[in-house]
Trainee: 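Dumping the structure here so I can ask a few things about it.
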Amino acid sequence: TNNSVDFFKDRLVSDLMPRLSTIATSHAQADTRRLALEVLISFAEAKPKTMAKVQGYMELILDISVFFLMELDDDLEAWGEQEDDEAEDEEQYTAGKEVVDRLCRCMNKAEQFPKVLETLKPVLAAFLQSQNWKQAVAGITIISQIAEYVDEEVMVVQMVTGVQTLLKSTHPRIRHAAWVALEQLSEDHDDYVTSDTVAPQLLPLFLAGLDDAHSRVVTRWRLSRSTGRKWNASCLLEPYVQPMMEKLGMKLQSTKLGVQRQTITYIAVLAGQVEDGFAVYYAPLMPVLKQIIQAVLHKPEERTLQIGRAHV
């Protein structure tokens, strides 16, 4: 690929990039479109500093990636019936998401990530306020992909605020994407997410998230161990543990395996954060867990409930 960049250097802007763009956005075969995008990102991964200087390259590859991110299934009912771990892959969306991440990674190593971020800022500003759910999901997904590389405090604040607002969206796919992004932001910027000013805003949303009517959205509700540990250390988590456990106890009664599996994981995380304070929940919790274990013992394919991970 290094040789390819050098070989096509004189024709890259005038010929090759426009041709690959046309193929990526309009070819009849989806796999051919993905292949064109793969060629484009391979140039950046081979020579990031060179490609960062190529006029129009950054805008082109990000425009195509965003185009891919909006290729989402309109069948909301079918989407909702699937679990994240077993859901049918939306290949164009996945390809767009991966290319954004790969571009950020290689440009960050070459100290060129600020150029990526500046190109994406207008997109994020527009998409996070869009009434089009596909644009909103695309914008949130971009935040998930770039969070690791952003170190500007102002930008971190804007990203968390934007995601926080969209957790209340009326569209389940937007809420689903927002929970994914918040989990990523919690991992990459936990000092900010767990700060005394932000945590009191987020904790009520975590509590309310357990009441989401859409089960696939609930399974994306995440309280990372790092975030939970810091919230607990600052005593911010304590008032929310009991109402969270009450809601999680109800979720354990779900007939959906995915909801039960994630609920047990959430309980495990809470147990790990509050430690001795979790003892009061052992008595009401153990009979329910035993009942679930007995129900799946004769179903090997369902033993992935991972009861042991609960440590309760």
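Count residues from 1 along the sequence. Values below: all heavy atoms of this structure, side chains included; hydrogens, waters and symmetry mates excluded.
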Trainee: For side chain to side chain contact (heavy atoms under 4.5 Å, CB included), just list the numbers for L166 and R175, CA-CA rounded to whole Å, side-chain angles, deciding distance to a tenth of an Å, and then say yes or no.
Mentor: CA-CA 6 Å; L166 291 172; R175 297 196 304 276; over 6 Å; no
Trainee: Hey, are E118 and K121 close enough for a salt bridge, meaning a charged N less than 4.0 Å from a carboxylate O?
Mentor: yes
Trainee: Hydrophobic cluster membership, with links at side-chain heavy-atom distances under 4.5 Å among I/L/V/M/F/W/Y: are I23 and I64 in one?
Mentor: no
Trainee: Looking only at heavy atoms, which two atoms of L40 and Y57 are closest? And how far apart?
Mentor: O-OH, 2.6 Å
Trainee: Taking the six-membered ring of F68 as reference, does the cationic atom of R33 (NZ for Lys, CZ for Arg) lie under 6.0 Å from its centre and within 45° of its axis?
Mentor: yes
Trainee: Kindly compute the distance separating OG (S130) from CE (M70), expressed to the nearest 0.5 Å.
Mentor: 9.0 Å
Trainee: Please confirm whether the backbone N or O of V39 pairs with a side-chain atom of S42, one donor and one acceptor, at under 3.5 Å?
Mentor: yes
Trainee: State whether the side chain of E45 and the backbone N or O of R102 hold a donor-acceptor pair below 3.5 Å, judged by distance alone.
Mentor: no
Trainee: Do I140 and L62 land in one hydrophobic cluster if side-chain heavy atoms of ILVMFWY residues count as linked below 4.5 Å?
Mentor: yes
Trainee: Do the side chain of T161 and the main chain of V157 share a donor and acceptor less than 3.5 angstrom apart?
Mentor: yes
Trainee: Minimum heavy-atom separation for A52 to Q112, with atom names?
Mentor: CB-OE1, 3.7 Å
Trainee: If we ignore angles and hydrogens, is there a donor and acceptor under 3.5 Å between the side chains of Q82 and E88?
Mentor: no
Trainee: Taking side chain as C-beta onward, heavy atoms only, is C104 less than 4.5 Å from N108?
Mentor: no
Trainee: Tell me, do V193 and Q164 make a side-chain contact under 4.5 Å, heavy atoms counted?
Mentor: no
Trainee: Does the plane of the ring in H176 sit parallel, tilted or perpendicular to the ring in W79? Use 30° and 60° as the thresholds.
Mentor: perpendicular
Trainee: Do Y149 and D101 have side chains that approach each other closer than 4.5 Å (heavy atoms only, starting at C-beta)?
Mentor: yes
Trainee: Can you check whether L72's main-chain N or O pairs, donor with acceptor, with K134's side chain at less than 3.5 Å?
Mentor: yes
Trainee: Of all heavy-atom pairs between L69 and Y93, which one has the smallest distance, and what is that distance?
Mentor: O-CD1, 3.2 Å
Trainee: Using side-chain heavy atoms (C-beta onward) and a distance below 4.5 Å, is F43 in contact with L12?
Mentor: yes
Trainee: Assign the ring pair F206 / W179 to parallel, tilted or perpendicular, where the plane angle (0 to 90°) is split at 30° and 60°.
Mentor: perpendicular
Trainee: Can you check whether A147's main-chain N or O pairs, donor with acceptor, with H189's side chain at less than 3.5 Å?
Mentor: yes
Trainee: Run T141 and V100 through side chain to side chain contact (heavy atoms under 4.5 Å, CB included) and show every step you take.
Mentor: CA-CA 10 Å; T141 302; V100 171; over 6 Å; no
Trainee: Tell me whether Y266 is reachable from M250 by hopping between hydrophobic residues (I, L, V, M, F, W, Y) whose side-chain heavy atoms are closer than 4.5 Å.
Mentor: no
Trainee: Looking at every heavy atom in both L248 and L270, which two are closest together, and how far apart are they?
Mentor: CD1-CD1, 3.6 Å
Trainee: Evaluate the criterion salt bridge (Lys or Arg N to Asp or Glu O under 4.0 Å) for residue pair E90 and R173; output intermediate values, then yes/no.
Mentor: CA-CA 13 Å; E90 293 173 300; R173 291 212 59 168; 2.8 Å; yes
Trainee: For Q145 and K97, indicate whether the former's side chain and the latter's backbone hold a donor-acceptor pair under 3.5 Å.
Mentor: yes
Trainee: How far apart are the C-alpha atoms of F278 and I267, what are their side-chain angles, what is the distance that settles it, and do they pass the side chain to side chain contact (heavy atoms under 4.5 Å, CB included) test?
Mentor: CA-CA 10 Å; F278 196 79; I267 291 173; 3.6 Å; yes
Trainee: Taking side chain as C-beta onward, heavy atoms only, is D196 less than 4.5 Å from L236?
Mentor: yes
Trainee: Looking only at heavy atoms, which two atoms of L167 and A178 are closest? And how far apart?
Mentor: CD2-CB, 3.6 Å
Trainee: Could you check if a side-chain atom of L103 sits within less than 4.5 angstrom of a side-chain atom of M58, using non-hydrogen atoms only?
Mentor: yes
Trainee: Hydrophobic clustering (ILVMFWY, side-chain heavy atoms < 4.5 Å, transitive) - are Y282 and M245 grouped together?
Mentor: yes
Trainee: Taking the side chain as every heavy atom from C-beta outward, state whether Y240 and P204 have any atom pair closer than 4.5 Å.
Mentor: yes
Trainee: Below 4.5 Å, heavy atoms only, C-beta onward: do Y281 and V241 meet side chain to side chain?
Mentor: yes
Trainee: I would like to know whether R34 and D31 meet side chain to side chain contact (heavy atoms under 4.5 Å, CB included); could you show each step before the answer?
Mentor: CA-CA 5 Å; R34 292 195 299 274; D31 56 349; 3.5 Å; yes
Trainee: Does a salt bridge link D15 with R19, judged by any charged N lying under 4.0 Å from a carboxylate O?
Mentor: yes
Trainee: Do V180 and L210 sit in one hydrophobic cluster, given that two such residues count as connected whenever their side-chain heavy atoms are within less than 4.5 Å of each other, even indirectly?
Mentor: no
Trainee: For E83, is there an ion pair with R216 - N to carboxylate O distance below 4.0 angstrom?
Mentor: no
Trainee: Look only at the side chain of S65 and the backbone of I61, and say whether a donor-acceptor pair between them is shorter than 3.5 Å.
Mentor: yes
Trainee: Between the main-chain N or O of T197 and the side-chain N or O of Q201, is there a donor-acceptor pair closer than 3.5 Å?
Mentor: yes
Trainee: What is the minimum heavy-atom distance between S195 and P200, and which atoms define it?
Mentor: O-CD, 4.0 Å
Trainee: Salt bridge check, E111 against K49: does any charged N sit closer than 4.0 Å to a carboxylate O?
Mentor: no
